[in-house]
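Here's the structure we're looking at; comments come further down.
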Amino acid sequence: MSRRKDNYETSRWRQFMQWLAGEIDPLTAAKVGMIQEKAETLPDEKMERGKVSTLQATPGNESDEREAHSAAAQAEKAAGQAKSAMAAEPWLNQPSGESRGLRLYRRFYQVMSILLCMGIISVLLWTIAYLPIFGNAGNPDNNEVSARYIEKGLDETGAVNMVTGMILDYRAFDTFGESCVLFIASCCVLVLLRIDNDGGSESWKKRQTEANDRIFEPKNDIILQKCACVLVPVILVFGIYIILNGHLSPGGGFSGGAVLGSGLILYLNAFGFQKAERIFNGKIYQRITVSALTFYCLAKSYSFFTGANHLNSGIPLGTPGNILSSGLILPLNICVGLVVACTMYAFYTLFRKGGM
Amino acid sequence: MASHLLYNIEETVAMILFGIGFTMLLLHRNLIRKIMGMNIMDTAVYLFLAAKGYIKGRMVPIVTDGILDASAYMNPVPSGLVLTGIVVSVSTTALMLALTIRLYERYHSLDLDQILIQVKKEEGS
Amino acid sequence: MKGNMILLLPVVLPVLMGAIALGGKGFRGNRPLLLGVVFTGLAGGLLSTLLAVTGEAKLRLWQLTESVEIGFQLDGVGRFFAVLTVVVWFLAGLYSVTYMTHEEDESRFFGFYLIVLGVLIGLDFSGNLITFYVFYEMMTLTSLPLVLHERSKEAVSAGLKYLFYSVAGAFLALFGIFFFTAVLGDLTFVPGGVAEAASFRGKEGVLLTAVFCMVVGFGAKAGMFPLHGWLPTAHPVAPAPASAVLSGVITKSGVLALIRVVFFIVGPEQIRGTWVQQAWIFLSLLTVFMGSMLAYKEPVMKKRLAYSTVSQVSYILFGLSLLEPTAFVGALSHVVFHSLVKNALFLTAGAVIFQTGWRKVEQMRGLGRVMPVTLGCYTAASLSLVGIPPASGFISKWYLAQGALSSGCGAWTWIGPVILLTSALLTAGYLLPLTINGFFPGGDFDGRELEERKLLGKEPSWQMLLPVLLLSAGAVIFGCFPGPLLRMLSEIAETVL
Amino acid sequence: MLVQNFPFFSIVLAMFSGILSSVLNGKQARNVSLGVIGSTIIMSAAVFFWCLGNGESYTYMMGHFPAPWGNEIRAGVLEGLTALLFSVIMLLSVLGGMRHTFEDVEPSKVNLFFIMIDLMLSSLLALIYTNDLFTAYVFVEINTIAGCGLIMIRQKGRSFSAAIRYMIMSQLGSGLFLIGLTLLYDVTGHLLMSPAKETVASIEAAGRYEIPMLVILAVISVGLAIKSGLYPFHSWIPYTYGYATPTASAILSGLVSKGYIFLLMKIFYRVLGQENVIASRMVNVLFLFGLAGMIMGSVHAILEEDTRRMIAYSSVAQIGYIYMGIGLGTESGMVAAVFHMFTHSATKALLFISAVGLYEVSGEKKDFRSLRGAGYRNRLAGVGFTVGALSMVGFPMLSGFISKLLFATSALQSPHKMMLTLIGLAVSTVLNAIYFLRLVITLYGRAEQVAVKGKQRCSFVFGGAIVCFILLNLFLGLMSQPVVRAITEGLEMFD
Amino acid sequence: MKLFECVLLLGLIVCAVSVGFTRDLLTAIVIFMSYSLIMCVIWVLLQSPDLAITEAAVGAGVTSILFFVTLKKIKAIRKEEQDEPKEG
């Protein structure tokens, strides 16, 4: 007759019979059974997902037109990529002791990544083959939308640089969301890296690591300071130029702000935190960012509100060409420039020292 | 088909970069490489978008000496979108780098799988 | 909220009283107040049901979705089941008042006991399948605390098993409900079936699978074969009144569900002669035979009665599955007789445990000396269940056998009665030994052991004895004067078949 | 009409309060954010009833320039209803998890938490109302970063690893979504949804660009599926919902994944046209992924010991339901999917908040043994969890039952998918029943060891939030008739 | 002009691939900086000066600075970790 299995006691069939007979409490016993199952179910669960992806393939090649294949291929790719995404997780459950499994698994991981990369590139290249030719005038995206931006852009927004005109007036809601992205990112970095000295041993240790950070700072490196004396003013003037001439020449709030930010960072690196904190500390940062963003928000909501309710917003567009033209765009550029500069500087200081 | 690819070389390169970036983000185990992969992926998409806006033989979309005719300038919309996109990718990069620092401070490793093993072990105990 | 409100009273009153009993912190200690609440609940439920049952009534409560509404509608079957439930529930309630003294946490038991009564009456009154399913699910969940009352380890695992079996059954049936709501839209009960063959034109296959799933799903509550496992585990664990009511009345809700689905929604014509009917007959006969076989060798008294419930309720299902008027009448009459008898048997088992603490059948030698009157009632009830002529069991078995013979379902016409008779013998085999050992313990038995435990002549108090007496008397009286009951049941049969 | 400005007002107000509360301290920031969510509830209710009254949706120009040039948002019956429900659930989640927020987060960084809540609300509203694709991408980014911020606000080792995993998977999703957008802009030349729809229709008629249209559809659906946690891409969900603060996990599981699904539906209806989407194979792929999600999500949940991760896995299963509804391809399938979106967000938030209440009284441990008898120690949280579990399982009179009913009726309209759906529904309901009722039974089992801190007085706000969640669930269950009618009407005027 | 653009694009791909396969992180970051610079030049070739300035300032500038600071911070934590066990 069949030999009794060695681990009959812990086998699930016996536990199931016990459960049926109602002797053991399924909650606690279930745990014992589950843990053994966990190791087994995960590998076969992957095969099961393999079946799911092949399942999709079958409806694909049922109808033999080419685009059906691409959808199935695309789904295959997604499932393949999912397998590798999932691959990271089950691999964790096997104890790292099984080195053989690990090595086999890592090679499988490599092969999968190359295959996935090739797959995605091939699908996208295949679509490019059907897209309109690069650079010819008849492309679909060169339609009445861009024509109006160019023709009526100057007299509707007053901006000589149509790109800035488009960003800050026609599609202003995107850029409004844009500055919010920057703001929320700076808040997240603040949450992560800002060290608040509100008492407690833990923050003292942080203060100690911060002091440790000063050791790395080059103390009064003459060469750097001399170059900074020359470079920083030039950078700052160039940054201000880009911001102010945003609507006349290429550039604008974002790029000008970034240039200003890098100028401040160079100054901080050259002359150390004490000097930098004299002109730019946490309080000022907060005030500038909040006031700039509030002005930006109010100005834009005013123009949205007036636009939507067909009231004409009484902001003069000025004569195109000189700086004080194109209505709201200049102040908006300045606000965005300030926000971006402060945020870039704040990123750097938070990463370096966890505080202004 | 292949000749078509050579015509728009920029889009082909953009798509190849997108594939590289996508895979790097997904499959590399070192966190910093993942973030670089994400940046490469984003810039690739912006290259594709800006290449679509380019029209041969036309000027930069800035009004020069009064010409207001639409057929003289390129399409300004893609560069507007890419301008917004670049700042989005900077913000996400800064956030993920800050996360990497805190993770390294806590788990002393940049390898995501090692970190996850430590999390599982610590949570198991 | 259109329609007469009296229908709502029997549902709301017990549930309200149960909630008061459950929630009332103030009952610590003063039992009379608790008993007062319990009695008002029981009596209120009884009277209001009898009041509500008289008139032809319809009540629309709520519009759930455009085709589905929650509402009550009173018809013959609903009236019959409601009266049966309330009477049996009242008697078991009377009995449990004294029985629960030696169990702790009484207020929780009485609270849920009353809530389940309200839900059951709602179940009987419900006018369409969705309302029925709502009360069916509520009944499963509110009767669960009755099963795991002691909260010991076995009680919890038995309760969990009961829950899983009934929830699995309910969700299997849900599959059918989805199908019918989609195809038929309005699901109010119409005697003879809502659906004409036309509406199932394209989907016969799915219709039959849906009906089969509902038969097996609702059969779980009636202890039919595939999902009967919970009955033998739930009964020994639950307190005696709870297990009496559980097997006497709650299993009948499964039967009511099947009646409603087969005779009031799908209509017998749709499934007559199909594989669903064959499978149903086979399953019920298999359970009849298997139940009595398992009961035969079961040492623990309550478990034996549980197995006997499994087989007896399948008598009823067998009667229904024949889709034939006489068998239908036999089945419904067996519903009445079985719930009366099974309650009597379980209450006597409870009395024996209460007085002597004996749980196994061998321990109960010489029970006749201890409590002769209770054992007498037990004997009368078991005679009726076995089917000896003067008692009521005989009539229902007679109608069932006659219905089977004239139903014309091929081989089943003769296999059915044969199995009924053999299992009647087996029923005698597992019920009567108790009376024989009780009254005539045989030569070597000497009462000494009973004397020093001072058990001689220790009848249970009158509150426990009276319900048992009434139930077994009812079982016998119905056997002698079945006329009015059978006339009423055949009227229902005409409207349906 | 003033009501027409309300969608714009609610988005900008939420954003402005986010910016403002960076200078306020914790308590003030909380009051500002509660005030803003309250006013959003009133405004979206006004928009909903106004649109219901005049029976068609309207577009609101953001700026002085009409559709294809300037930006615009569009409000209708379905958008108003979704905005109303999302803001109600957000208010209740914030109130429900309030005590934990002030315990877990460092005192000086609580105002940053409320900034993220405000910007999450504004991005959700923008996702609901926007009628422009690139604005949708920008607000998807805001949503992702705010979500990541909410996860890591606890500053514990585990929440960082959860946040980094969440960011990586979301960036994959956004990358794919962005590449889809770019291809669409390249082929149609429009970013606004309504002009893009005409161009797509003319392209389909002319039969040009077939392959790109299909790849656009595939890439956008896979991108948004990754972000909303559909089955094969769900590996980040258990860690994210498991380790975050209660408010964060309630909002993330309840609202964020639904925002992305709502955006996907808008793209299906307003840009690619529902008929083209059904004609292509992509709908079947979503259907199969949804089906796999329904079953495998519940299987994972059963194998899970930690109860919070179990609830997270069950939300993978419920998202599988929604995608199956969308995958059915019929009108009533979409109605069922939308209704299930509302049901799931209400029930899941209730489950997470009441689960936290239960952990408090059982010594902050999350496995089965320590939760035994927790139902008695924290009575209200126990009742809340039971109602949530029963609604999730599909107990009649609760919202879960109605959505299962709607799924079944819609399944019968699409002939060859019917059997699969009904079997999937039955199997996953039974699996749901197993792991939810097992936990409910443990909650009311007999507690062997005495509870660690005994029965605390749970705060009034927490209790109020739980009661409101239960009422919301009962409302969706009982009064589902007007809600379903509003959804159908909304979907008609949706494209 | 077209040839110059093709060479730059080829350079882009080489940089992207090499970022993936270099061993040391510092060289990876430097290669990434060069990737941004090449991208900046390509923007100029594609006639979009706005993007060139922004990419130069934001892409090559700030992103690379952040990468360097992160690497420095990680090296500081690693060095501090090596000091601690010795004293501890």
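Numbered from 1 within each chain, the chains take letters A, B, ... in sequence-line order. Values below: every heavy atom of this structure, side chains too, minus hydrogens, waters and symmetry copies.
Side chains of D/R165 and B/L116 form a contact here, defined as non-hydrogen atoms less than 4.5 Å apart. At least one side-chain heavy atom of D/C148 sits under 4.5 Å from a side-chain heavy atom of B/L99. Between B/T100 and D/F160 there is no side-chain heavy-atom pair separated by less than 4.5 Å. With contacts defined as side-chain heavy-atom distances shorter than 4.5 Å, the pair B/T84/D/Y137 does not qualify.
Between atom CD1 of residue D/I168 and atom NZ of residue B/K34 there is a gap of 4.5 Å, rounded to the nearest 0.5 Å. Separating the CD1 atom in B/I35 from the CD1 atom in D/I164 is a distance of 5.5 Å, to the nearest 0.5 Å. Rounding to the nearest 0.5 Å gives a distance of 4.5 Å between CG of B/L25 and CG of D/L172. A distance of 7.5 Å separates CG in D/L178 from CG in B/L49, rounded to the nearest 0.5 Å. A distance of 6.0 Å separates CD in B/E122 from CZ in D/R158, rounded to the nearest 0.5 Å. Note that CE of D/M167 is 12.5 Å distant from CG of B/L31, once rounded to the nearest 0.5 Å.
No other option in D/I179, D/L183, D/D306, D/I142 has as many heavy-atom pairs under 4.5 Å with chain B as D/I179.
Residue D/L191 touches chain B through its side chain alone, counting heavy-atom pairs closer than 4.5 Å. If you measure heavy-atom distances from D/Q171 to chain B, the contacts under 4.5 Å come from both the backbone and the side chain. Of the atoms belonging to B/I115, it is side-chain heavy atoms, and not backbone ones, that fall under 4.5 Å from chain D. With a threshold of 4.5 angstrom between heavy atoms, B/L95 approaches chain D through side-chain atoms but not through N, CA, C or O. Both the backbone and the side chain of B/M96 come within less than 4.5 Å of a heavy atom in chain D.
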